[in-house]
Amino acid sequence: MAGQSKPLTLARLEDLTLGSFALVQPSETLDHLVRFLSTWSGSDKLFMIIQYTVKLLVPFLRWRARLQYGAGLRKAPLSVSADRLGKFGDIISDARMLFRLWGLLPIFQWMISMERNPAPTRKLRTIERLQGWSMLAYYPLEHLYYLLSHSLISDKLTLPSITAFVPFMRTRPSNKHIPLKLGTLGLWSTRFWAAYVVLQLAHLREDSKLLSLRERTLSKTKTGASAAEKEEISKRKKALVSELIVNLAYLPLTIHWSTEKGIFENDVWLNICGLIAGIASWKSGWEATALKPAPSLAADVTPTEPTGAKLAPHVDDILKDVIEAPSLDEM
């Protein structure tokens with residue numbers, strides 16, 4: 001009969017249980033999330049948001065516990081959830097620093113690339129060079145800080161003796177040492193990070209000038225800017241704003257950690273700045289990893305200038321690589 005249901009065989013039972021995901025439709029959002037979190041930068045952005053969210057929740061939960069204790073609703077002015085979340089936040093913070101142990105590799109790659117593909121202006125080129133060298137100082141100091149904080153290395157760095165570089169000669173241990181102080185390593189590593197942030201703000205200022213110049217140039221042409229060019233300029237403006245928010249949020253963090261006494265008495269302000277930087281970084285990274293829609297075959301094809309696919313150098317867009325430097329939102 002047409003209305004009779006299918007018999008419940010072993011194969012059908014398997015399809016209904018083990019194969020139940022056949023009922024779930026594919027999700028572009030899920031694909032995008034997996035693609036984004038599969039990258040080092042993407043997963044770090046998520047951990048950063050979780051880390052600073054947890055650090056904001058901990059003092060709130062402890063404050064609530066004290067209020068409830070004062071009202072007689074709690075036996076002790078303590079919050080077990082706050083303690084557990086605090087430990088979780090510390091684990092994430094430690095893991096993020098551990099994952100940066102190979103952070104010098106993209107810096108090397110970037111500095112090699114910038115010399116072969118220089119910035120459109122001398123000023124931007126100088127800024128990027130200074131940024132690269134600041135990171136070459138930042139990462140080794142942070143690595144030493146991390147290893148020393150976990151007692152993985154000695155607090156004295158032994159210098160090699162001269163005989164160590166002479167072949168066929170017995171090496172004698174050197175008596176010269178460089179003392180490693182945890183606080184000093186943390187201060188100086190963050191100071192080089194602060195230098196990078198300040199330089200990045202100067203970089204964004206120059207980028208904005210070049211973008212405005214390009215926009216004015218296109219508006220003065222006979223045909224004006226095309227729809228694609230207007231969309232591209234709009235995207236670049238949004239990217240510049242996102243980068244500005246991230247670095248303005250990083251600036252007070254780096255200044256605070258670059259001084260011995262800091263500038264904030266309450267860590268809540270630090271965590272708010274960190275959360276703002278994390279959310280803004282996530283937003284820009286999410287948009288950057290979105291798949292571009294396929295061009296319509298029915299669209300009108302109009303002559304345009306050469307694009308990025310070129311066999312020879314061609315300066316068609318002086319801003320195409322302005323935000324290609326390694327992002328430091330993994331801090």
### Query
Are I276 and L201 joined in one hydrophobic group, where the rule is that I, L, V, M, F, W and Y side chains link up if heavy atoms are under 4.5 Å apart?
yes
### L136/F108 under side-chain contact (heavy atoms from CB on, under 4.5 Å): CA gap, chis, key distance, verdict
CA-CA 8 Å; L136 290 182; F108 283 137; 3.6 Å; yes
## Note on the structure
Heavy-atom closest pair (R74 atom, A76 atom, distance to 0.1 Å) is CD-O, 2.8 Å
### Query
Got more than 12 heavy atoms from elsewhere within 6.0 Å of CH2, W257?
yes
### Message
Between D94 (side chain only) and D90 (backbone N and O only), is there a donor and an acceptor less than 3.5 Å apart?
### Response
no
### Query
Can you say whether the rings of W193 and Y138 are parallel (under 30°), tilted (30 to 60°) or perpendicular (over 60°)?
tilted
### Task
Go through the side-chain N and O atoms of E128 and H203 and say whether any donor and acceptor fall under 3.5 Å apart.
yes
## Note on the structure
Sorted by chain and number, sequence neighbours left out, salt bridge (Lys or Arg N to Asp or Glu O under 4.0 Å) with R205 holds for none
### Query
Got a sec: does the CZ of F47 have more than 12 other heavy atoms crowding it under 6.0 Å?
no
### Task
Answer yes when K230 and E215 have at least one side-chain N-carboxylate O distance shorter than 4.0 Å, and no when they do not.
no
### Task
Please report the C-alpha distance between L251 and N247 in whole Å, then the side-chain angles of each, then the deciding distance to 0.1 Å, and finally whether the side-chain contact (heavy atoms from CB on, under 4.5 Å) criterion is met.
CA-CA 6 Å; L251 187 60; N247 285 276; over 6 Å; no
### Task
Could you go through the side-chain contact (heavy atoms from CB on, under 4.5 Å) check for L16 and L8 one step at a time?
CA-CA 10 Å; L16 293 174; L8 188 62; 4.2 Å; yes
### Query
What is the minimum heavy-atom distance between S134 and Y196, and which atoms define it?
OG-CB, 3.7 Å
### Task
Examine distances only and state if a side-chain atom of T289 and a backbone atom of G285 form a donor-acceptor pair shorter than 3.5 Å.
yes
### Greater than 12 external heavy atoms within 6.0 Å of Q109's CD
no
### Task
Look at the side-chain heavy atoms of Ile, Leu, Val, Met, Phe, Trp and Tyr, link any pair under 4.5 Å apart, and say whether V58 and L61 land in one connected group.
yes
### G89 backbone acceptor or donor facing S93 side chain under 3.5 Å
no
### Query
At what distance, to the nearest 0.5 angstrom, does OG1 of T126 lie from CD of Q131?
11.0 Å
### Message
The test is side-chain contact (heavy atoms from CB on, under 4.5 Å); show your working for M114 and R125 and say whether it passes.
### Response
CA-CA 8 Å; M114 80 166 68; R125 190 175 187 181; 5.9 Å; no
#### Entry: Pair K235 + E287, salt bridge at N-O below 4.0 Å
no
## Note on the structure
Between S258 and R191 the two heavy atoms that sit nearest each other are O-NE, 2.8 Å
### Task
Would you check if H256 and W269 make a side-chain contact, meaning some heavy-atom pair closer than 4.5 Å?
no
## Note on the structure
Heavy atoms of L248 and P252 approach each other most closely as O-CD, 3.0 Å
### Task
Determine, for R96 against D44, whether the closest basic-nitrogen to carboxylate-oxygen distance falls under 4.0 angstrom.
yes
### Message
Show every side chain to side chain donor-acceptor pair (under 3.5 Å) that has at least one partner inside residues 75-84, sequence neighbours left out.
### Response
R62-D83
### Task
Could you tell me whether Y146 atom OH has more than 12 heavy atoms of other residues or ligands within 6.0 Å of it?
yes
### Query
What is the ring orientation for W282 with W286, classed by angle as parallel under 30°, tilted 30 to 60°, or perpendicular over 60°?
parallel
### Smallest separation among heavy atoms of L180 and L148, with atom names
O-CD2, 3.6 Å
### Summary
By salt bridge (Lys or Arg N to Asp or Glu O under 4.0 Å), K156 pairs with (sequence neighbours left out) none
#### Entry: Taking every non-hydrogen atom, the tightest pair across G86 and V54
N-CG1, 4.4 Å
### Message
Below 30° counts as parallel, above 60° as perpendicular, anything between as tilted: where do the rings of W40 and W102 land?
### Response
tilted
